[in-house]
Structure formats: structure tokens, C-alpha cells
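Convention: sequence-line order gives letters A, B, ...; per-chain numbering from 1.
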Protein chains: 2
Amino acid sequence: MRSLKRNRQSGLQSLLDQNPFLSDEELAGHFDVSVQTIRLDRMELGIPEMRERMKMVAQDAYTKVRSLSEQELVGQLRELELGSHGVSVLDTTMEMIFEKTKTVRGHYIFAQANSLAVALVDAAIALTASADIRFNQPVYAGERLVCTARVIANADKKVEIAAETTSGDNTVFTGTFIVTKLADAEVG
Amino acid sequence: MRSLKRNRQSGLQSLLDQNPFLSDEELAGHFDVSVQTIRLDRMELGIPEMRERMKMVAQDAYTKVRSLSEQELVGQLRELELGSHGVSVLDTTMEMIFEKTKTVRGHYIFAQANSLAVALVDAAIALTASADIRFNQPVYAGERLVCTARVIANADKKVEIAAETTSGDNTVFTGTFIVTKLADAEVG
DNA sequence: TATATAATTGGTATCAGGTATTAGAACCAG
DNA sequence: CTGGTTCTAATACCTGATACCAATTATATA
């Protein structure tokens, strides 16, 4: 394979990574080759046609938006005993990081613990009142965060919950949450 | 207009709202009419063809994902003086709420304050080390949250920042963040 | 009941953006 | 000069449409 082709193909790949909405004709114009050549390149690289690419993006986004708005918990629930304890797992992704540091932004880690803490409370309605939290060490994209939360005090209106998030053997986050129990009448 | 048509058209509209990926043929099958009838209905309702609908969803999602991953700050920055203070504004939406309570989930409010606190630190790399936070009252979708953060202590490696988030006249959130300043060598 | 009108169906031509395949030209190396 | 790689061209076909037109069916009203 001559380097012209190799170059074009790697260019094609990265161009479509950036912008999946380009048709073969536009691509042909960009690389100054025929449409057929682009088609051959796509075949070799296993890149589907524009419409399929758009469909993938659309479907992906559509299910993502829906599941996000339906999702009350950040992370996947692994264990939950209301009023007692719970465990959730969060796989961190590139979307959660700071560009510069490549570390996961604190509020994702907080969100996992916070939503688990709230889920733990055995009440119709529960809201975080306060929290005292500590980020012990940075988390990088790809790490699997396991959060364990436990009720440590349960009063009439307030529940105190201790949460700890680990990545492998390391404790990356600890926090204490005070969650308020509300009756339906008190909200809205 | 007869009620059959009216019914079908309102059904069509809501069906496509739920699932924009249906072709005219599938829709014709669903309503047990001809493909042409579906086309006429789409014309009258001003609904574009399936491919256009997919394209809209895809493009919308694509720009959203990109801006989200490029965005280091949750909310829009209104004022920022490095090492001193900053203000950001976050318009809360339906996507941020608990189904049951209709109140904005704590970690969105936290995320706004946390990202502003980190942005405030005059260092190449800054990470939240710990935080002590308080949610004073529930926030409902649609409220505009204004977060003000101010550096209150600045040591060699640690910066202490006080943040307050208000909605109208109400203080909905207060927090103290300890942010760690890191050199590039200490990360990655 | 006859008929005007609305609603629906069917068919044809055309398009974009492809797939799949075959044939051939251009280039380069041994 | 021959052979393999790379590129272009040509053709038939596909899906999901648009645009248009004629025919049919259903309904309401004079």
C-alpha cells in the first residue's frame, strides 16, 4: 500500500471522527479523489455510509438523553437495603474529565455518592441537606468507582449517611451526608 | 376535517415525538392506511421525512455532547478574577430534577459551585480536595441559580474558597471548598 | 337521492446517497 | 515488459423519500 492511500485513509478516519455528517461526495472533494475511491476506503476501514453514521449518533443520543432523564441514580446499583446500606458502581469515561489533568471532575464522584445516599433513605421524599466531603486522590477516566453508603444515624426528619468511594484498593472519596425526609405536602 | 383524520394526525405527531425513527411505511402499517396518506399527514403537520428527523436528533446531540465535554464549567461564567472571586449562572432544567419531588438534584447545584471554585484557582492544575456544603432549600426546575465564589485563604498548596448559590432572594446553597494546587508533574 | 367536497389510494417519474460488482487505466518496481 | 497496487469509471440495484396526477371512496348537504 502506497503512503498516499495510507495517509488518505487515516485522514478519512479522523475527519469522520470529528464530523460524521460528511457524504462521500464531500469527502471526495476534500481529498481530491473520486467518490469510488472514498467508498473503497470506507469499505477497507469498515466505516458505514453517512446515513448509518447519523443514525448511530442519533440513536445513541436519543437513548442516552432518555435514560439520563429517567435515571435517579448516578452509577449502577449493586446492593440496596433501605434505611441501612447500599453499593453502586460507576464506570468513569472521557466525558467526565478535565481536559488538562485527565482526572475525573469532582462533581461526578459527588453525584454518585449523593444519589446513593438519597436512594438509601426510606422516605417518600428525600433531599440532601448538607454534606462534608473529601476527595482523597485523583481519579482517571476508565477507573471503576465503587461507592458504599451506610446509614449511621436516623432521626425523625434527618438521616446521617457515611459514604466511601473506592477505585481498586484506594479510597478516593469519603463523605458524610445529612439527608432530610419530607412529606409530600412540604414539596411543590 | 373528519375525526378519523384528526385522530390519526394527533397520534402521528405524538408517536413521532416519542420515536422519530419510524419510516412512512412503518407508520402506514401502524395506522393501517396507505403510505401516501401518511405523507399527506406529514405535509399538513409540517413534519419532515425520517432521514431529516434523524439528522436533526444527531446534530443536536452531537453539538451538545461536544460542548458538554469541552465545557469545564457547569453554568455560564459571568465574572472571574483568578485567585479572588467569580460568579456563574445556571438555568435549571427538567433534566436536572427528581421525578417525585420536581426539585433539582443536589449534585447539579454542587457541580456549579465546585467547577466555579476550581476555575477560580490561579494554578495550572487544581483539584477539589474537600468540601463542606449545605443545601438550604429545594430548587425547582426553571429557577436561575447564581453562584458567587470567593477565595478566603491561599496557602502554598491549598486554597480555601467560600461559595454561595442564590435563586432570587433565597440562598439555596453554601459551601466551603478546599482546592489543591498541583504541578503538572504530579498528575498523569 | 344526487352531488359537491373531503379524504384516501395508487401509480409514475425523479432524487440523494448509497451497495455491489466488474472493467480498465495509471503507476511503480523488479 | 510484466505484474501488483491503486485509482477511476460504469452499471444495476436499493431505500426512503418528493412531486405530481388520476381514480376511487366516504360523507355531508341541498
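- Within 6.0 Å of CZ on R53(B) lie more than 12 heavy atoms contributed by other residues, nucleotides or ligands.
- Here T37(A) lies in heavy-atom contact (under 4.0 Å) with a base.
- R8(A) places its CZ atom 7 Å from the P atom of dT8(D), with the value rounded to the nearest Å.
- With V139(A) as the partner, the side-chain contact (heavy atoms from CB on, under 4.5 Å) test is satisfied by one option alone out of L145(A), N170(A), T165(A), T103(A): L145(A).
- Out of dT8(C), dA17(D), dG18(C), the shortest distance to the side chain of R42(B) is found at dA17(D).
- Here dC15(C) presents its P atom at 15 Å from CD of E49(B), a figure rounded to the nearest Å.
- Residue order along DNA chain C, read from the 5' end via each residue's closest nucleotide, puts S23(A) first among S23(A) and L40(A).
- One atom, CG of D41(B), and another, C1' of dT9(C), lie 13 Å apart when rounded to the nearest Å.
- In this structure, the CG atom of L22(B) is 18 Å from the P atom of dT15(D), given to the nearest Å.
- Formation of a donor-acceptor pair under 3.5 Å by the Q112(A) side chain with backbone atoms of S88(A) is found in this model.
- Contacts of R53(A) with the nucleic acid, taken as non-hydrogen atoms under 4.0 Å apart, are absent.
- For R51(B) against dG16(D), a side-chain-to-base donor-acceptor contact under 3.5 Å is present.
- Minimum atom distance to the side chain of M50(A) is reached by dG17(C), of the listed dT8(D), dG17(C), dT8(C).
- Computed from coordinates, the M43(B) CE to dA17(D) C1' distance equals 9 Å when rounded to whole Å.
- Spacing between atom CD1 of I38(B) and atom C1' of dA19(D) amounts to 18 Å, rounded to whole angstrom units.
- In this entry the distance linking CZ of R39(B) with C1' of dG10(C) reads 12 Å, nearest Å.
- Nucleic acid contact class of V33(A) (heavy atoms, under 4.0 Å, all strands): sugar-phosphate only.
- Atom CD of E25(B) has 12 or fewer heavy atoms from other residues, nucleotides or ligands within 6.0 Å.
- As judged by a 4.0 angstrom heavy-atom cut-off over every strand, Q36(A) is placed among the base-contacting residues.
- Distance, K55(B) NZ to dG16(D) P: 17 Å, rounded to whole Å.
- Checking dA7(C), dT8(D), dG18(C) against the side-chain heavy atoms of K5(B) singles out dA7(C) as nearest.
- By the 30° and 60° cut-offs, the orientation of the rings of F110(B) relative to F177(B) is tilted.
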